[in-house]
Number of protein chains: 2
Amino acid sequence: MGKDVRVARQARGTDGGTASKILDVAERLVQLRGFNGFSYADVAEELGISKASLHYHFAGKAELGEALIERYASRFTGSLDEIETRPIDARAKLAAYAKLYGDVLRRKRMCLCGMLAAEYQTLPKPMRSAVVSFFDDQEAWLVGVLDQGREEGTLRFSGSASEAAQVIVGGLEGAMLVTRPYGDPARFQIAADHLLASFAADAPARVS
Amino acid sequence: MGKDVRVARQARGTDGGTASKILDVAERLVQLRGFNGFSYADVAEELGISKASLHYHFAGKAELGEALIERYASRFTGSLDEIETRPIDARAKLAAYAKLYGDVLRRKRMCLCGMLAAEYQTLPKPMRSAVVSFFDDQEAWLVGVLDQGREEGTLRFSGSASEAAQVIVGGLEGAMLVTRPYGDPARFQIAADHLLASFAADAPARVS
DNA sequence: GTCTATAACGAGATAGAC
DNA sequence: GTCTATCTCGTTATAGAC
């Protein structure tokens with residue numbers, strides 16, 4: 001493996017190095033407790049290293065936060081690409097998309113960017129931009145699926161594909177948000193199924 | 001006005017006294033920044049009083065938080081009662097319900113309990129219970145409206161009314177959550193309209 | 001009911017040795 | 001890369017005067 005690849009993986013926190021482990025722990029803590037609900041001390045203790053070492057890898061909490069979103073978004077993009085490679089129709093792609101959210105919830109976590117959306121007003125500017133970009137990316141991918149589904153006849157919706165994509169992202173994030181206090185994944189599934197059904201073409205259109 | 005009423009109003013923060021003003025400021029700060037995103041110092045400075053005075057009215061942040069949810073839930077219940085008095089069908093009641101959320105969002109705020117749901121894992125136990133109770137109350141009211149709508153033929157949905165209520169609460173909370181970073185209320189409205197339409201009976205049923 | 005003062009703790013961050 | 005030690009500041013909370 002060339003040095004460039006190694007450096008790139010390290011920067012992205014995809015290898016098994018310390019930076020990667022820091023991101024793993026911090027990511028879980030943010031998804032569970034929020035960006036304002038964890039500290040460098042929490043991460044350091046869990047990894048058995050000092051707070052000072054954290055600052056070597058990530059200058060400050062803001063930079064750590066940026067790296068968290070970047071890696072999370074990158075992984076999500078990877079999952080979306082993988083779904084695109086499957087020989088399935090658009091409706092099934094939508095179901096696979098919803099399952100990504102369900103997988104996060106089954107690990108007792110909130111979507112990283114959904115959590116950060118709640119804390120949006122307290123975030124440093126670079127993190128804010130990254131959160132919005134995450135949602136933009138999600139919706140751009142969904143627009144492609146929705147257009148495909150409308151063409152092939154598996155999906156049906158009124159308004160623009162962009163609007164429909166916003167409805168889907170909001171619906172899934174909200175289902176995660178409200179489900180977590182109840183600790184019952186079935187609750188999420190009901191909302192997700194309803195949402196998907198409201199875009200399916202195999203039932204008569206209902207959204208005027 | 002009798003002493004009992006006065007004491008009760010004071011306890012609930014519905015009069016214009018100091019406790020009420022503290023709740024007003026704290027409520028806005030939590031809805032904007034989250035429970036872990038504001039401090040006693042923030043509230044004290046805005047009101048021009050000392051932090052120590054805050055502790056006279058609310059022993060600690062946890063007690064302030066409980067009082068916040070209690071008052072918020074109580075006001076919300078009042079709004080639901082008011083909707084119930086209107087001579088309108090269930091579908092219109094559902095639209096009025098969604099408008100309550102839209103009103104919050106137009107003030108740039110997140111639903112108090114939606115915000116607290118994100119921070120759920122970091123909340124003191126009494127606050128957690130109060131948050132869950134809030135959602136339970138919302139859904140109980142919605143169940144009544146949904147049953148009415150199904151009987152009178154203005155609403156249509158598959159599954160139990162309870163499940164439908166969960167879908168509605170999650171959908172509205174999620175639309176608020178994702179809309180706020182964009183600062184565009186129209187985004188919320190699109191999601192809310194879609195949600196309402198998916199339960200309306202004037203279009204053919206689509207949720208299997 | 002409100003104040004000043006301060007305690008007690010935790011947060012993010014830095015210096016400099018190893 | 002990682003450490004110990006330290007700094008500075010913010011946060012919650014309390015004591016006690018007025």
Side-chain angles (χ1 to χ4, degrees), chain A residues 3 6-7 9-27 29-30 32-68 116 119 121-127, chain B residues 3 6-7 9-27 29-30 32-68 116 119 121-127:
Chain A
K3 187 191 175 191
R6 198 167 63 250
V7 168
R9 285 206 180 162
Q10 203 166 344
R12 296 207 175 91
T14 54
D15 64 357
T18 302
S20 175
K21 287 176 189 159
I22 292 169
L23 289 171
D24 289 342
V25 173
E27 181 180 79
L29 290 175
V30 173
L32 291 177
R33 306 170 50 87
F35 191 72
N36 296 326
F38 88 103
S39 70
Y40 263 38
D42 296 327
V43 179
E45 190 186 16
E46 190 163 332
L47 289 175
I49 60 176
S50 68
K51 287 186 292 175
S53 292
L54 292 190
H55 283 284
Y56 170 80
H57 293 281
F58 300 96
K61 207 182 174 188
E63 289 76 17
L64 172 57
E66 288 180 64
L68 281 175
L116 296 177
E119 300 176 293
Q121 298 240 37
T122 71
L123 299 181
K125 275 216 162 65
M127 285 185 68
Chain B
K3 188 191 175 192
R6 199 167 62 248
V7 169
R9 286 207 180 161
Q10 203 167 344
R12 297 206 173 90
T14 55
D15 65 357
T18 302
S20 174
K21 286 175 189 160
I22 292 169
L23 289 171
D24 290 343
V25 172
E27 181 179 80
L29 289 176
V30 173
L32 291 177
R33 306 171 50 87
F35 191 72
N36 295 326
F38 87 104
S39 71
Y40 263 38
D42 296 328
V43 179
E45 190 187 15
E46 190 163 334
L47 289 176
I49 62 177
S50 68
K51 289 181 288 174
S53 293
L54 292 190
H55 283 284
Y56 170 80
H57 293 282
F58 301 96
K61 208 183 175 187
E63 289 76 17
L64 172 57
E66 288 180 63
L68 280 175
L116 296 177
E119 300 175 292
Q121 299 239 37
T122 71
L123 299 180
K125 275 217 163 64
M127 285 185 68

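To find a chain, count down the sequence lines: A is the first, B the second, and so on, and within it residues start at 1. Values reported hereafter were calculated over all heavy atoms of this structure, with side chains retained and with hydrogens, waters and symmetry mates removed.
When all heavy atoms are compared, the tightest approach of B/Ala67 to B/Leu23 is CB-CD2, 3.9 Å. The two atoms that bring A/Leu116 and A/Leu123 nearest to each other are O-CD1, 3.5 Å, heavy atoms only. Considering every non-hydrogen atom in both A/Glu66 and A/Met127, the closest pair reads N-CG, 3.9 Å. Nearest approach of A/Leu54 to A/Ala44, heavy atoms of both residues: CD1-N, 4.0 Å. Scanning both residues, B/Gln121 and A/Arg33, for their nearest heavy atoms gives O-NH1, 4.2 Å.
Judged as a side chain to side chain contact (heavy atoms under 4.5 Å, CB included), and not counting sequence neighbours, the contacts of B/Lys61 are B/Phe35, B/Phe38, B/Tyr40. For the side-chain hydrogen bond (donor to acceptor under 3.5 Å, both in side chains) test, residues two or more places apart in sequence or in another chain that qualify with A/Thr122 are A/Asn36. Annotation: side chain to side chain contact (heavy atoms under 4.5 Å, CB included) contacts of A/Ala52 (sequence neighbours excluded): A/Ser50. Qualifying side chain to side chain contact (heavy atoms under 4.5 Å, CB included) partners for A/Ala62, counting only residues two or more places apart in sequence or in other chains: A/Pro124.
In this structure, CD of A/Glu63 is placed 11 Å from C1' of C/dG12, rounded to the nearest angstrom. The separation between B/His57 atom NE2 and C/dG1 atom P is 6 Å, rounded to whole Å. Going from atom CZ of A/Phe58 over to atom P of C/dG12 covers 15 Å, rounded to whole Å. The separation between B/Ile49 atom CD1 and C/dC3 atom P is 6 Å, rounded to whole Å. Atom CG of A/Leu29 is separated from atom C1' of C/dA11 by 15 Å (rounded to the nearest Å). For the pair A/Leu47 CG and D/dG1 C1', the interatomic distance rounds to 14 Å; values are reported in whole Å.
Between B/Tyr56 and C/dG1 there is a side-chain N or O to OP1 or OP2 distance below 4.0 Å. The shortest distance between the side-chain N/O atoms of B/Thr18 and the OP1/OP2 oxygens of C/dT2 is below 4.0 Å. A sub-4.0 Å separation between OP1 or OP2 of C/dC3 and a side-chain N or O of B/Ser50 is present. In terms of phosphate contacts, A/Ser53 brings no side-chain nitrogen or oxygen within less than 4.0 Å of OP1 or OP2 of D/dG1.
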Under 3.5 Å between N/O atoms: give me all the protein pairs with nucleotides 16-18 of chain D, atom names plus distance.
none

(request) List the protein contact pattern of nucleotides 6-12 of chain D with one symbol per nucleotide (5' to 3'): B for base contact, S for sugar-phosphate-only contact, - for none; contact means a heavy-atom distance under 4.0 Å. (result) -----SB
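In this structure, A/Gly48 reaches the sugar-phosphate backbone alone: every heavy-atom distance under 4.0 Å involves primed, P, OP1 or OP2 atoms, never a base.
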